[in-house]
Amino acid sequence: MPVPKNLFKAALRDGRPQIGLWLNTGEPLIAELAGTAGFDWLVIDGEHGPNDLRSIIEQLRALSASPAEAVVRPPMGEPWMIKQLLDAGARTLLVPMVDSAEQARALVKAVRYPPHGIRGVGAAVARASAFNTVSDYAETAADEICLLVQAETRAAIADLENIAAVEGIDGVFIGPADLSADMGYLGRIEAPEVQEVIEKALATITAAGKAAGILTFNEALNLRYIDLGARFVAVGSDVAEFAGTLRRLAGRYGRGTPGTGGASGY
């Protein structure tokens, strides 16, 4: 049995826009439900969601029959975390807080076996190789692993051209909430100063031949980013959509608690 093709990675390489959703509940049933909704990619969030390795595995299993690509975001880009996630069956990773090309190069090594990287060799006993039924997993795994890095600080923006140029990086994701906070505009990603930086960043990533990505909860902004060349755009989260729908339903009967607004993107 060969390593399954990563159609999400292929779509990014071909320049086809991919629409995604964040999964923050940590619940396999919600992941399974989201997998039937028609999204191209779904982020299992280990940074801000209540997830550990076992809950991530359960969500990967819940999404195994879905056409949506399961994208796993670890809390940070530590090689030991990446090794565990890859062995658990994740093949598309979204790594937060990548501030330099040096960090990006280290992440590329973390997802590749020696002699091209530092990934530990042990997938024969793990989900990644379907428990050693993918006979050439070690030789071909890197071809289908998709590595996405998040640029979400002023330091990352300053080194963005170099980050995007790193071989082995498939896409660069702009984190607007953290970026706007680092710029002094906490909770105000719509500020003209922030939008100017984001739009220039999207152009820089695209010019480097890499896929540009972003998430906001603002439809007008998302559509604009797609027009500007963003190729993987997340348009909401399970928690926000679920909470908003329930509040609107309760509100129609004179009940409910209005939301506080909060961040409009990650």
Side-chain angles (χ1 to χ4, degrees), residues 12 17-24 39-43 45-49 71 73-77 94-101 103-104 148-165 169 171-208 210-245 247-248 257-266:
L12 295 187
Q18 302 290 286
I19 302 301
L21 181 80
W22 238 249
L23 300 177
N24 286 107
F39 292 103
D40 300 302
W41 58 295
L42 298 165
V43 176
D45 189 3
E47 183 184 18
H48 294 300
V71 178
R73 177 163 76 164
M76 58 184 69
L94 176 64
V95 182
M97 293 292 178
V98 177
D99 289 340
S100 69
Q103 281 181 271
L148 311 170
V149 298
Q150 290 189 223
E152 43 193 341
T153 64
R154 288 173 294 171
I157 295 300
D159 203 32
L160 187 58
E161 188 172 351
N162 293 323
I163 292 172
I169 297 296
V172 182
F173 178 96
I174 302 300
D178 282 296
L179 177 59
S180 61
D182 197 41
M183 291 177 60
Y185 297 91
L186 179 63
R188 296 170 54 201
I189 73 167
E190 295 88 356
E193 295 85 352
V194 177
Q195 287 303 304
E196 181 181 3
V197 170
I198 289 174
E199 292 185 10
K200 287 182 179 178
L202 295 177
T204 297
I205 298 163
T206 302
K210 301 295 173 64
I214 198 164
L215 158 69
T216 81
F217 300 157
N218 182 312
E219 184 174 353
L221 284 179
N222 288 332
L223 292 174
R224 174 162 176 75
Y225 297 146
I226 293 171
D227 286 343
L228 290 172
R231 286 298 170 258
F232 60 110
V233 178
V235 297
S237 77
D238 55 357
V239 170
E241 293 303 311
F242 184 61
T245 298
R247 288 168 183 155
R248 286 190 295 272
T257 303
T260 58
S264 52
Y266 278 130

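Because only heavy atoms are used, hydrogens play no part in the values below, and waters and symmetry mates are left out as well, while side chains stay in.
- To the nearest 0.5 Å, atoms CG (Asn24) and CG (Asp45) are separated by 4.5 Å.
- Using modelled atom types and a 3.5 Å distance limit, the side chains of Asp99 and Thr153 yield a donor-acceptor pair.
- Between the CD1 atom in Ile198 and the OG atom in Ser180 there is a gap of 7.5 Å [rounded to 0.5 Å].
- Within the model, atoms CD of Gln150 and CG of Asp178 stand 8.0 Å from one another, a figure rounded to the nearest 0.5 Å.
- A 6.0 Å sphere centred on CD of Glu161 holds no more than 12 heavy atoms belonging to other residues, nucleotides or ligands.
- Residues Ile19 and Val235 form a side-chain contact, since some pair of their non-hydrogen atoms from C-beta on lies under 4.5 Å apart.
- Shown are Thr204, Val197, Ile163; of these, the side-chain contact (heavy atoms from CB on, under 4.5 Å) with Ile157 is made only by Val197.
- For Leu186, the CG atom is loosely surrounded, since the number of other residues' heavy atoms within 6.0 Å does not exceed 12.
- Of the possible polar contacts, none joining the Trp41 side chain to the Val71 backbone as a donor-acceptor pair under 3.5 Å is found.
- A donor-acceptor contact shorter than 3.5 Å is absent between the side chain of Lys210 and the backbone of Ile205.
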- Item | Derivation and outcome, ring pair (Phe, Tyr, Trp, His ring centres under 6.0 Å), residues Phe173 and Trp22 | CA-CA 14 Å; Phe173 178 96; Trp22 238 249; 5.6 Å; yes

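- Taking both residues in full, the closest heavy atoms of Gly77 and Val95 are given as CA-CG1, 3.5 Å, listed atom of the first, atom of the second, then distance.
- Counting heavy atoms from C-beta on, the side chains of Met97 and Glu152 come closer than 4.5 Å.
- Annotation for Gly236 and Leu215: closest pair N-CD1, 3.7 Å, computed over non-hydrogen atoms.
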- Please lay out, stage by stage, how Gln195 and Leu221 fare under the test side chain to side chain contact (heavy atoms under 4.5 Å, CB included). CA-CA 9 Å; Gln195 287 303 304; Leu221 284 179; 3.5 Å; yes

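- Screening Glu219, Glu190, Glu199 against Arg224 for a salt bridge (Lys or Arg N to Asp or Glu O under 4.0 Å) leaves a single residue, Glu199.
- Ala240 approaches Phe217 most closely through the heavy-atom pair CB-CE1, 4.3 Å.
- The one candidate from Thr216, Ile214, Leu179 that meets the side-chain contact (heavy atoms from CB on, under 4.5 Å) condition with Ile189 is Thr216.
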- Give the C-alpha distance, both sets of side-chain angles, the deciding distance and a yes or no for side chain to side chain contact (heavy atoms under 4.5 Å, CB included) between Val233 and Gln18. CA-CA 6 Å; Val233 178; Gln18 302 290 286; over 6 Å; no

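- A distance-only check finds a donor-acceptor pair linking the side chain of Arg154 to the backbone of Asp182 [under 3.5 Å].
- Rounding to the nearest 0.5 Å gives a distance of 6.5 Å between OG of Ser237 and CG of Leu21.
- Residues Ser100 and Gln103 form a side-chain contact, since some pair of their non-hydrogen atoms from C-beta on lies under 4.5 Å apart.
- Within the model, atoms CZ of Arg188 and CD of Glu193 stand 7.5 Å from one another, a figure rounded to the nearest 0.5 Å.
- To the nearest 0.5 Å, atoms OH (Tyr225) and CG (Leu228) are separated by 8.5 Å.
- The shortest side-chain heavy-atom distance between Leu202 and Ile174 falls under the 4.5 Å cut-off.
- The backbone N or O of Ala101 lies less than 3.5 Å from no partner atom in the side chain of Asn162, so there is not a single donor-acceptor pair.
- When side chains are defined from C-beta on, Glu47 does not count as touching Pro74, because their heavy atoms never get closer than 4.5 Å.
- Closest of all the heavy-atom pairs between Pro75 and Gly46 is CG-O, 3.2 Å.
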